[in-house]
Amino acid sequence: MATQPSAGKSVVLYTAGTPNGFPISIFLEELKTAYGNTADYDWVKMSISDADIGKVHNQVKSPWFLEINPNGRIPAITHNSTPVFETSAILGYLAQVFDKERKFSRDPATETDKWAEEQGWIFFTHGGVGPMQGQANHFNLYAPEKIPYAINRYLNETKRLFSVLETQLGKHEYLAGDKYGIADIKAFPWLRIAPRTGVDLEPFPNIRAWISRIEARPAVQAGLKVPN
Ligand SMILES: N[C@@H](CCC(=O)N[C@@H](CS)C(=O)NCC(=O)O)C(=O)O
């Protein structure tokens with residue numbers, strides 16, 4: 001896989017190996033597996049390190065990258081000349097453009113109720129699990145000072161959100177019903193690293209079974225290797 005854009009591939013993914021980067025590489029690998037090379041892509045490994053600001057060309061706050069994502073964060077894509085940023089916006093865009101047979105997504109025009117349910121779970125992760133687990137990671141693993149109030153607040157809220165997912169996965173095989181798709185792809189990279197965050201998944205058997213089902217997919221394994 002090239003690390004710089006090359007002629008012929010219309011999608012370029014700007015990413016790093018994090019729970020925000022992986023949903024896009026996983027979905028692109030799923031699309032490639034399902035539809036062939038129409039959804040083939042190049043990726044560019046970005047530096048998210050503050051220490052690299054102004055030093056390396058591919059740091060996320062580089063002027064050229066801010067033209068693609070004004071927020072200066074991964075992931076972002078360009079599709080031909082269209083830039084798209086924010087994980088969930090990118091998943092929705094790729095679904096609209098490439099998932100013509102709706103193998104991994106719902107059609108807002110023809111299955112509006114299912115699409116709304118899918119959107120609900122995507123937003124649940126985008127506005128809930130991601131930010132809360134991200135803060136739990138920060139205060140539990142990386143903060144220079146251990147602040148019990150902050151650690152407990154974010155770990156407890158992460159567990160509460162997991163219990164919502166646990167209940168849903170007790171009723172359905174996948175988050176937005178019985179079809180694997182972009183709601184699962186958005187949430188999976190966060191849930192799989194729960195033990196590293198400090199959340200024991202023992203009390204969440206439905207989540208554990210769902211992680212195993214998703215992890216077994218070859219496209220998921222391939223997506224988790226981008227960037228290397
Ligand atoms: N809400 C954003 C979150 C993206 C995000 O936080 N990306 C992190 C890496 S996981 C990043 O690029 N951090 C670099 C920085 O903040 O400078 C999304 O869903 O795309």
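As a basis for the values below, the full set of heavy atoms in this structure was taken, side chains included, without hydrogen atoms, waters or symmetry mates. As the structure lists them, so they are numbered: ligands from 1, and atoms in each ligand from 1.
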Under the salt bridge (charged side-chain N to carboxylate O under 4.0 Å, His left out) definition, can you give me all pairs with a residue in residues 217-228, not counting sequence neighbours?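 Counting only pairs at least two positions apart or across chains, the salt bridge (charged side-chain N to carboxylate O under 4.0 Å, His left out) contacts touching residues 217-228 are E30-R217.
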Residue pairs fulfilling salt bridge (charged side-chain N to carboxylate O under 4.0 Å, His left out) with at least one residue in residues 191-210, sequence neighbours excluded: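 Sorted result for residues 191-210: E202-R208.
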Would you mind telling me if ligand 1 is within reach of the side chain of K61, the backbone, both or neither, using heavy atoms under 4.0 Å? side chain
What part of I74, side chain, backbone, both or neither, has a heavy atom within less than 4.0 angstrom of ligand 1?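 I74 to ligand 1: contacts from backbone and side chain alike.
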Can you tell me which residue and heavy atom of the protein come closest to [atom], and the distance to 0.1 Å?
atom: atom 14 (C) of ligand 1; result: I48 CB, 3.7 Å
atom: atom 1 (N) of ligand 1; result: E86 OE1, 2.7 Å
atom: atom 3 (C) of ligand 1; result: N20 ND2, 3.7 Å
atom: atom 16 (O) of ligand 1; result: R73 NE, 3.0 Å
atom: atom 20 (O) of ligand 1; result: T87 N, 3.0 Å

Under 4.0 Å from a heavy atom of [X]: give me the atoms of ligand 1 that qualify, with their elements.
X: V60; result: 14 (C), 17 (O)
X: T18; result: 10 (S)
X: P75; result: 20 (O)

Please check whether D50 reaches ligand 1 - meaning an N/O of the residue sits under 3.5 Å from an N/O of the ligand, judged on distance alone.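 No - when backbone and side-chain N and O of D50 are compared with those of ligand 1, no distance drops under 3.5 Å.
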Hey, is the main chain of [Y] close enough, under 3.5 Å, to the side chain of [X] for a donor-acceptor pair?
X: N69; Y: A76; result: no
X: T82; Y: T78; result: no
X: N152; Y: P148; result: yes

Tell me if the NZ atom of K55 is crowded by more than 12 foreign heavy atoms within 6.0 Å. no
What class does the angle between the rings of F139 and Y154 fall in, given that below 30° is parallel, 30 to 60° is tilted and above 60° is perpendicular?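 Parallel: the ring planes of F139 and Y154 meet at under 30°.
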Do Y35 and F98 have ring centroids that are under 6.0 Å from one another? no
